[in-house]
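All remarks here apply to the structure that follows.
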Amino acid sequence: MTPLIQNKFVEKKKSEKLLNMCNKIRVRFAPSPTGFLHVGGLRTALFNYLFAQKNNGEFILRIEDTDRKRYVSGALENLISTLKAIGLTYDEGPDIGGPFAPYVQSERTGLYKKYAQKLLDSGNAYYCFCSEERLEKLREERRERKLSLMYDGKCRNLSKKEIEEKLEKNAPYVIRLKFPKEGKTVFYDKVREKVEVENNLVEDQILIKADGFPTYHLANVIDDHLMKITHIIRGEEWLSSTPKHIFLYQAFGWELPKFVHLPLLLNPDKSKLSKRQGDVAVESYLEKGYLPEALLNFIALLGWHAADDREIYSLQELEKVFSIKRITKSGAVFDFEKLNWMNGHYLRNLGLKYVAEKAKPFFENAGFDISNKKKYLKVVSMGRKRISNLSEIIAQTEMFYKDLKFSNEEKEIISDENSQKIYLLWIEEISKLQDLSNEDIGNLLKKTSEILSVRGKELYFPIRIALYGKCHGPDLPMIIDILGKDEVVKRLKNLLSV
RNA sequence: GGCCCCAUCGUCUAGGGGUUAGGACGCUGGAUUCUCAUUCCAGUAACAGGGGUUCGAUUCCCCUUGGGGCUACCA
């Protein structure tokens with residue numbers, strides 16, 4: 001390679017890098033902090049995150065809190081901690097800052113007013129002095145006449161003088177978008193392709209409310225532009241207001257981002273997923289002992305699917321294979337059954353120590369002493385095979401940590417002559433055994449069967465009830481291994497006098 | 001009501017002009033020589049309807065129907 005060529009090569013590399021930086025993909029998750037992270041929100045966050053990871057882009061968290069009426073204290077902190085707990089990290093956000101801070105809209109209000117003024121000046125927005133009462137009445141009338149419920153544009157053409165007079169009198173006002181009455185808006189959504197809307201059907205959206213705060217429509221366009229967002233990945237509920245956003249970009253003379261409208265997450269009855277029909281708060285799933293791995297994997301498959309038949313993906317694997325092209329168009333029912341299966345799958349297949357760590361709070365909550373680590377791991381190892389979320393593990397394993405209670409049916413089996421004989425024999429034989437290996441127990445079972453001529457359920461049920469409290473449950477050797485010799489003997493002796 | 005979007009098993013989905021329409025969850029049955037659970041195997045089940053286009057449509061187009069979303073000084 002001659003130096004000249006080498007130089008050219010280096011230069012080319014440099015310019016590519018530069019180009020890359022300019023064109024760097026930037027996406028954002030922009031929830032409004034209404035108290036908790038909604039699973040639909042989590043899905044939106046996930047897809048944004050995955051798209052950024054896949055394309056070496058940046059993922060931004062921005063808080064859309066321009067509705068003061070819906071302010072919930074602590075909601076922001078909660079949102080951030082949930083995102084953290086689930087493992088979705090962002091490159092810029094309210095708690096970590098970034099080059100475009102602040103990332104909380106209520107701290108950016110001055111900005112929005114400035115841009116609204118620009119719109120006013122360029123004739124793309126107007127003052128509206130209509131009262132909420134008039135608007136309500138208008139809608140009522142239109143509803144009766146079965147017309148669209150749009151604002152009638154009363155203030156659209158007020159004279160300068162009229163406006164000035166009202167402003168001087170401190171009349172309350174809002175600022176509305178002056179949306180064109182003619183033509184149509186055509187845009188291309190990455191998921192839905194071409195979408196067309198007649199302009200005269202689009203309302204003169206309020207941009208600045210009477211309290212001076214912007215609405216979503218204004219704030220989100222300004223921030224997305226200022227924060228150099230390249231792809232807007234959001235729920236389908238925003239599809240019909242996209243023409244307004246597009247008009248705003250055009251009015252400001254800004255480059256349009258790419259739009260990606262995700263199919264909605266649905267209730268079993270196919271309506272938009274809501275808390276009326278089950279839990280939608282991510283934190284409550286976490287509290288119930290659903291693992292982040294399972295939640296993320298399950299939710300990734302709602303509205304997206306790889307080309308093959310694979311179902312199980314780690315976050316890292318999703319980051320590699322995710323693509324917008326494979327996002328589906330139709331809404332997806334949030335199927336709790338499948339989530340349960342998937343969570344169970346992760347519970348059984350993730351590292352035992354990891355699962356045991358995750359299970360700890362549940363045992364501590366139940367007041368069990370799990371300081372015997374060896375025993376605890378055995379307990380979790382057994383329990384995790386029979387549950388679909390960690391909150392269920394206590395019911396499966398509590399018999400290893402507290403005294404047994406028996407139903408009348410079980411008491412009958414215990415006091416059965418045959419059972420008593422087994423207990424007597426076992427107390428004697430077990431004491432003789434050095435360690436209680438699977439083999440030892442197998443032999444003892446065989447021996448018992450021969451001496452007392454019992455087998456099958458007659459042999460197993462009395463023992464399992466004595467040691468585990470139920471006739472259905474894990475293999476006897478496993479139960480005995482967890483309990484240990486002393487406890488086994490103790491539990492058997494306990495039942496002798498019954 | 002108006003506008004927009006969507007339409008393959010009950011659910012999540014793959015597929016795509018000619019396929020035995022594939023996988024997963026669920027459900028059912030079987031195996032793992034006590035049960036339960038796990039695991040494995042097998043089975044059940046779908047192209048909403050009607051018109052086109054075509055030699056041939058589940059696949060492309062149109063209509064109908066159905067579902068959903070939006071229609072706030074909420075996001």
Side-chain angles (χ1 to χ4, degrees), chain A residues 30-34 41 64-70 105 128 130-132 135-136 139 142-151 172-176 189 191-192 195-198 200-203 205-217 219-220 234-243 261 263-264 266-272 298 301-312 326 328-342 344-345 348 382-387 396 445 449 455-461 463-464 468 470-476:
Chain A
S32 66
T34 51
E64 312 240 332
D65 60 344
T66 55
D67 185 0
R68 297 197 297 178
K69 285 175 220 140
R70 295 214 297 180
Q105 289 187 328
C128 171
C130 294
S131 68
E132 290 192 54
L135 263 20
E136 187 55 45
R139 271 195 291 272
R142 293 197 155 226
R143 215 189 313 270
E144 270 169 38
R145 289 164 59 196
K146 305 210 166 176
L147 292 166
S148 87
L149 307 178
M150 276 170 45
Y151 175 61
Y173 67 88
V174 301
I175 296 174
R176 280 183 188 272
D189 180 90
V191 174
R192 277 143 239 285
V195 180
E196 286 180 71
V197 184
E198 293 290 333
N200 63 354
L201 266 10
V202 180
E203 184 168 39
Q205 182 65 47
I206 290 176
L207 301 175
I208 299 279
K209 300 178 250 184
D211 65 3
F213 276 71
T215 57
Y216 169 88
H217 307 280
N220 119 84
R234 79 225 305 190
E236 200 200 311
E237 68 265 34
W238 295 108
L239 192 63
S240 35
S241 45
T242 303
H261 286 98
L264 257 21
L266 273 24
N267 289 315
D269 73 354
K270 305 256 187 180
S271 58
K272 189 169 150 186
F298 172 69
L301 263 24
L302 258 26
W304 175 87
H305 203 278
D308 55 25
D309 283 337
R310 203 169 148 195
E311 302 267 343
I312 300 297
R326 297 199 60 85
T328 43
K329 289 182 166 79
S330 45
V333 172
F334 191 90
D335 180 7
F336 298 91
E337 291 291 341
K338 188 158 183 177
L339 204 216
N340 281 338
W341 164 77
M342 194 172 275
H345 174 88
R348 278 170 249 124
M382 184 239 103
R384 69 170 173 172
K385 291 202 182 80
R386 354 177 59 86
I387 56 172
Q396 296 298 330
L445 247 10
S449 178
R455 57 197 172 104
K457 294 175 184 177
E458 289 192 339
L459 169 60
Y460 283 86
F461 280 12
I463 302 173
R464 188 154 25 231
Y468 185 75
K470 288 171 184 162
C471 47
H472 301 298
D475 291 344
L476 242 24

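Naming: A, B, ... by sequence-line order, numbering from 1 per chain. Treat the numbers as computed from the prediction; the structure is a model and nothing was measured.
Stacking here means ring centres nearer than 5.5 Å and ring planes tilted less than 30 degrees, and by that measure A:W341 does not stack onto B:rC25.
Both distances falling under 3.5 Å, in either a Watson-Crick or a G-U wobble arrangement, occur for no nucleotide opposite B:rA57. In this structure, B:rC25 forms a base pair with B:rG10, meeting either the Watson-Crick or the G-U wobble geometry with both donor-acceptor distances under 3.5 Å. Base pairing analysis places B:rC70 opposite B:rG2; the two distances defining the Watson-Crick or G-U wobble pair are each below 3.5 Å. Across all strands shown, B:rU32 forms no Watson-Crick or G-U wobble pair with both key distances under 3.5 Å.
Between B:rC74 and A:K69, a contact under 4.0 Å exists linking OP1 or OP2 to a side-chain N or O. Close to B:rA75, at under 4.0 Å from its OP1 or OP2, lies a side-chain N or O of A:T66. Here A:R192 does not reach the OP1 or OP2 of B:rG69: none of its side-chain N or O atoms lies under 4.0 Å away.
At least one donor-acceptor pair closer than 3.5 Å links the side chain of A:R326 to the backbone N or O of A:H305.
Protein atom CH2 of A:W238 is 16 Å distant from nucleotide atom C1' of B:rC5, rounded to whole Å. In this structure, the CZ atom of A:R348 is 7 Å from the C1' atom of B:rU38, given to the nearest Å. Note: CG (A:L264) to C1' (B:rA75) measures 13 Å, nearest angstrom.
Put simply, the side chain of A:Q205 does not reach to within 4.5 Å of the side chain of A:S241, judged on heavy atoms.
For A:L266 and A:W304, each mapped to the nucleotide of RNA chain B holding its nearest heavy atom, the one lying further toward the 5' end belongs to A:W304.
With respect to A:R70 and A:D67, a salt bridge is recorded, a charged nitrogen being found less than 4.0 Å from a carboxylate O.
The nucleotide whose nearest atom lies closest to any side-chain atom of A:S330 is, among B:rC6, B:rC74, B:rG69, B:rC6. Nearest nucleotide to the side chain of A:E311, out of B:rA75, B:rG23, B:rC25: B:rG23.
Rounded to the nearest Å, the gap between the P atom of B:rU39 and that of B:rA21 is 30 Å.
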